[in-house]
Amino acid sequence: MGRGSTYATDGWTNVTPKILSYLGANKHLQTDHPLSIIRQRIVNYFYGAYRNQRGNPLFSVYDQMNPVVTVQQNFDNLLIPADHVSRQKSDCYYINQQHLLRAHTTAHQVELISGGLDNFLVVGEVYRRDEIDSTHYPVFHQADAVRLVTKDKLFERNPGLELFEETWSGTLPDPKLILPSSKFMDQTKQPCHTLEAVKLMEHEMKHVLVGLTKDLFGPRIKYRWVDTYFPFTQPSWELEIYFKDNWLEVLGCGIMRHEILQRSGVHQSIGYAFGVGLERLAMVLFDVPDIRLFWSNDSGFLSQFSEKDLHNLPKYKPISHYPQCTNDLSFWLPQDIEVDAGFSPNDFYDLVRSVAGDMVEQISLVDKFKHPKTGRSSVCFRIVYRHMERTLTQAEVNEIHKQIASASVDSFNVQIR
Ligand code: DAH
């Protein structure tokens, strides 16, 4: 279970074989998958937003962290109180009392900061027990980011300013002794930080996250900041966008609790962090109506998206639930004609559409080669037939396929193989 490790089960175990089957699915890394496209958009935005003096990206990306984490990583390290609802067996997939499938990518903060990182992104799938409907699925994807800044960097232009209050002793109360709750948390700042440090960090963070939102949704997107509470940040905010007549929450963020930096061995920095759900973004950006589609292996879904042009996101077109029927068509092009030199695949696609109309779901060029002796070029197209309203019979598909072949002969002077 979990990359070759074995774990003892106990009274806390509630993972199911079905849930475990999602480990390693890595939809966020699958070529041309919409979740992978969103991951690349976020990563590329951060690469561009922060660069070092040599022009290289400041952020490093961790997108293959093991989703099996300890209770300490997922909760304790992030100061989530022992009695917090999110720890309940009814909300998480526990492997045993000490281990669970991460419920958020925030779970990796302390290990990565302890390892010496100060600007990083974590992308991966997270697991939460939930009903399944068009917007909820027990496995979904998040991206989390952390940025730590030292006093010298933050106050480059104001060397007199400090990160920490002069009156602060340097020690923080044991988080077990305080029960942070929205009612008792000061939404202005943590007692240890100076107001100047918090305000500068807040400004930088909000500037970068609004930039990300505009990069994804366009420069005219309407947005607003909403005060909120997370155990691991103070102050904390949610960013909402106005979409289809509703305010939609897109991300959570805040100034990192200093206890988290301290327990990672960092004492002279202040940090911000944020977390965002990829499915939520992808559903809006591609117009995907149901979260379950991201788990589809149907080529009618997957073939609609391509990472070749990350900045031109297509709108999803509903796929049929009737069966597909796939036929290949190969032909020789006339002498001295080649693909994109006298013969354009797009012309063939148009011909197919005009002959077969809505019976065709996908067309792709699967093979081309040049005969070494005759010098003639051959192409092979794969046509996937599928109707939105009924099951096509093989006989009627064969008939249409024949019509496409003879129309190709007439229009392009090709020779069917
Ligand atoms: N972990 C939070 C969630 O799953 C999202 C989040 C909020 C992540 C604030 C962060 C953060 O890193 O600073 O809802």
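In this chain, numbering begins with 1 at the start of the sequence shown. Just so you know, ligand 1 is whichever comes first in the structure, and atom 1 is the first atom listed for that ligand.
In terms of protein heavy-atom proximity, atom 12 (O) of ligand 1 is nearest to D144 OD2, 2.7 Å. Scanning the protein for heavy atoms near atom 13 (O) of ligand 1, the closest one is A273 O, 3.1 Å. Ranking the protein heavy atoms by distance from atom 5 (C) of ligand 1 puts G275 CA, 4.2 Å first.
For M256, no heavy-atom contact with ligand 1 is shorter than 4.0 Å. By the criterion of a heavy-atom distance under 4.0 Å, neither the backbone nor the side chain of A103 is placed next to ligand 1.
Per-residue contacts place T233 under 4.0 angstrom from the following atoms of ligand 1 (heavy atoms of the residue considered): 13 (O). Near C253, meaning under 4.0 Å from one of its heavy atoms, ligand 1 places the atoms 9 (C), 13 (O). For ligand 1, the atoms lying closer than 4.0 Å to a non-hydrogen atom of G252 are 7 (C), 9 (C), 11 (C). Applying the 4.0 Å criterion to heavy atoms of Q109 picks out, from ligand 1, the atoms 12 (O).
Between H104 and the options F140, Y127, F274, F232, a ring-ring contact (aromatic ring centres under 6.0 Å, His included) holds for only F232.
Between E202 and K206 there is a salt bridge, since at least one side-chain N of the basic residue sits less than 4.0 Å from a carboxylate O of the acidic one.
The heavy atom nearest to atom 14 (O) of ligand 1, out of those in R257, M205, E238, R128, is found in R128.
With hydrogens and angles disregarded, a donor-acceptor distance shorter than 3.5 Å links the side chain of Y45 to the backbone of L212. Remark: side-chain polar atoms of E396 are paired, donor with acceptor, to backbone N or O of T393 under 3.5 angstrom. Without hydrogens or angle criteria, R386 side chain to Y322 main chain gives a donor-acceptor distance under 3.5 Å. A donor-acceptor distance shorter than 3.5 angstrom exists from the side chain of T194 to the backbone of E162, with no hydrogens or angles considered.
Within the 4.0 Å heavy-atom cutoff, F232 counts among the residues contacting ligand 1.
Taken to the nearest 0.5 Å, the OG atom of S377 stands 11.0 Å off from the CG atom of D340.
Summarising the local packing, NZ of K317 is surrounded by 12 or fewer heavy atoms from other residues, nucleotides or ligands at distances under 6.0 Å.
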